[in-house]
Q: 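Quick one: this structure, given as structure tokens, is what I'll be asking you about.
Quick note on labels: first sequence line is chain A, next is B, and so on, each numbered from 1. None of the values given here were measured: they were computed from a predicted structure.
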There are 2 protein chains.
Amino acid sequence: MKSSISTTRKKEIIEGFYTLAREHGLENTSIAKIGKHLEIPPSLIMHYFPTKDILISHLIDYILDQYLKIYEPAIQELKEKKHADPKTFIDKLFSRDWNLLFDDGVFYSCFALIFRNKLIRKEYRKLHDRLREFLKDLLDKDENLKDRDTKVLAEQIFVVVEGAYYYLSMLDDEETYEQKVLLYKEQVYDLLRK
Amino acid sequence: MKSSISTTRKKEIIEGFYTLAREHGLENTSIAKIGKHLEIPPSLIMHYFPTKDILISHLIDYILDQYLKIYEPAIQELKEKKHADPKTFIDKLFSRDWNLLFDDGVFYSCFALIFRNKLIRKEYRKLHDRLREFLKDLLDKDENLKDRDTKVLAEQIFVVVEGAYYYLSMLDDEETYEQKVLLYKEQVYDLLRK
DNA sequence: AAATATATTGAACAGCCATTCAAAATTATA
DNA sequence: TATAATTTTGAATGGCTGTTCAATATATTT
């Protein structure tokens, strides 16, 4: 129980930060605004996060954690089965409910920070490498792929997924969106059966 | 000649903005700082760009223009030839000198704005669609691809390219970088000969 | 040369920014 | 219950933000 107030307050602050960043953008979210949102003085935020840089780096931890959590159910589900069909996972990757859980705006705003902050860059890299490794493990369970280089394959799949979401986020038209998703999904399937 | 001072000043301001954004980040670049950098009062900047939003939207025009310019030599060169080898173009896409001409940090910072600004989103989309259309035209000149859906193919290629650069920007290690580039390039080649 | 339009200056603005600090309230420890 | 540690408050800071405005300088048109 010791110092659990501290823990929950920190969590509360980060989540408030995330909420406001999602609504008004990362660059428009100040410590004072977070304070007002949570009905606490800004000095309390500074008490737990001595500088804004530190606050931001914790926001990034939170975001990357959330990002990973989206994969988690699929990961869990598929770990239990001995041999799983990667297609189930691919479908999840491209399913709509994914994006509903996660705000790409904040994600890319934070991503833009990797170019001037080595630590943030490393954190992003670590996350992406972990996802690739998981997919590799998954592919290794598929007998059809047993003579394939699954590490390379996992990488190629994620490159398509990441490029897909990058481009998809520019689209306004629902119909076009769905149509492109199908296309990219097919592209990943092709990689699997190559 | 009429009102050419206005034109060059505007250009100067935008380029100064870009330079500072590249150095210190978009969110850390203020009108006052641009003024100091160019040795002009901030009010002169406001004279040409009435609000910061307008200034930013012009920066984005500039960036997307630059982005397109990277492709231009290749586009020009290949347009002249009647039937061109797409591989030459792909190689250019993955060549190192590309990134030297362009700052991904500013590009992705601006990209993050598409999520809360429909106009910016549209501009980004337009650029990416133009590049896809160009590549399609290029692929259409290749006889080996004459029974392929080149529009789809161009899209698939760019998805790999964009996903590749997204992931590559997280890497610190030069050697790993080069190795991944080869891998992604191979992935695009596979699409061509599929 | 006068009148008009454009370009540039510099000072000033309120409002927000991250951050500091000392004091108070609350909780845990002895 | 006294002491110590943690949590919370509220007021204050200087510096930076985008923006306004009236005045001046320079260039263009009449």
Q: Between dG15(D) atom P and Lys52(A) atom NZ, what is the distance in whole Å?
A: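 Atom NZ in Lys52(A) sits about 20 Å away from atom P in dG15(D).
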
Q: Using OP1 and OP2 only, check whether a side-chain N or O of Lys33(B) sits under 4.0 Å from dT17(D).
A: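 Yes, such a contact exists.
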
Q: Tell me if the aromatic rings of His128(A) and Tyr166(B) count as close, with their centers under 6.0 Å from one another.
A: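 That pair passes the under 6.0 Å test.
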
Q: With a 6.0 Å cut-off on ring centres, are Tyr71(A) and Phe134(A) close enough?
A: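 Tyr71(A) vs Phe134(A): aromatic centres not under 6.0 Å.
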
Q: Please determine whether a side-chain nitrogen of the Lys or Arg among Arg193(B) and Glu186(B) lies less than 4.0 Å from a carboxylate oxygen of the Asp or Glu.
A: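 Looking at Arg193(B) and Glu186(B), the cut-off is met.
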
Q: Nearest-Å distance, CE (Met46(A)) to C1' (dT19(C))?
A: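 For the pair Met46(A) CE and dT19(C) C1', the rounded distance is 5 Å.
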
Q: How long is the line joining CD1 of Ile54(A) and C1' of dT19(C), in whole Å?
A: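 So the two atoms are 12 Å apart, to the nearest Å.
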
Q: For a quick check of understanding: with a heavy-atom distance under 4.0 Å over all strands, which category does Ser43(A) fall into, base, sugar-phosphate or nothing?
A: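 Touches a base.
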
Q: Looking at dT8(D), I'd like to know if its phosphate oxygens (OP1 or OP2) sit under 4.0 Å from a side-chain N or O belonging to Tyr48(A).
A: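 For dT8(D), OP1/OP2 do have a side-chain N/O of Tyr48(A) under 4.0 Å.
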
Q: Between Arg9(A) and dT8(D), is there a contact of a side-chain N or O with OP1 or OP2 at under 4.0 Å?
A: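 Indeed, a polar side-chain atom of Arg9(A) lies that close.
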
Q: Specify the separation, in whole Å, of atom CG of Asp53(A) and atom C1' of dA18(C).
A: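 Computing the Asp53(A):CG to dA18(C):C1' distance gives 11 Å.
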
Q: Can the ring centres of Tyr62(B) and Tyr18(B) be said to be less than 6.0 Å apart?
A: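 Distance test on ring centres: under 6.0 Å, yes.
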
Q: Using a cut-off of 4.0 Å on non-hydrogen atoms, how would the nucleic acid contact of Lys36(A) be classed: base, sugar-phosphate, or nothing?
A: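 The answer is nothing, as Lys36(A) stays clear of every strand by at least 4.0 Å.
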
Q: Would you mind reading off the distance between Leu44(B) atom CG and dT19(D) atom P, rounded to a whole angstrom?
A: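 In whole Å, dT19(D) P lies 15 Å from Leu44(B) CG.
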
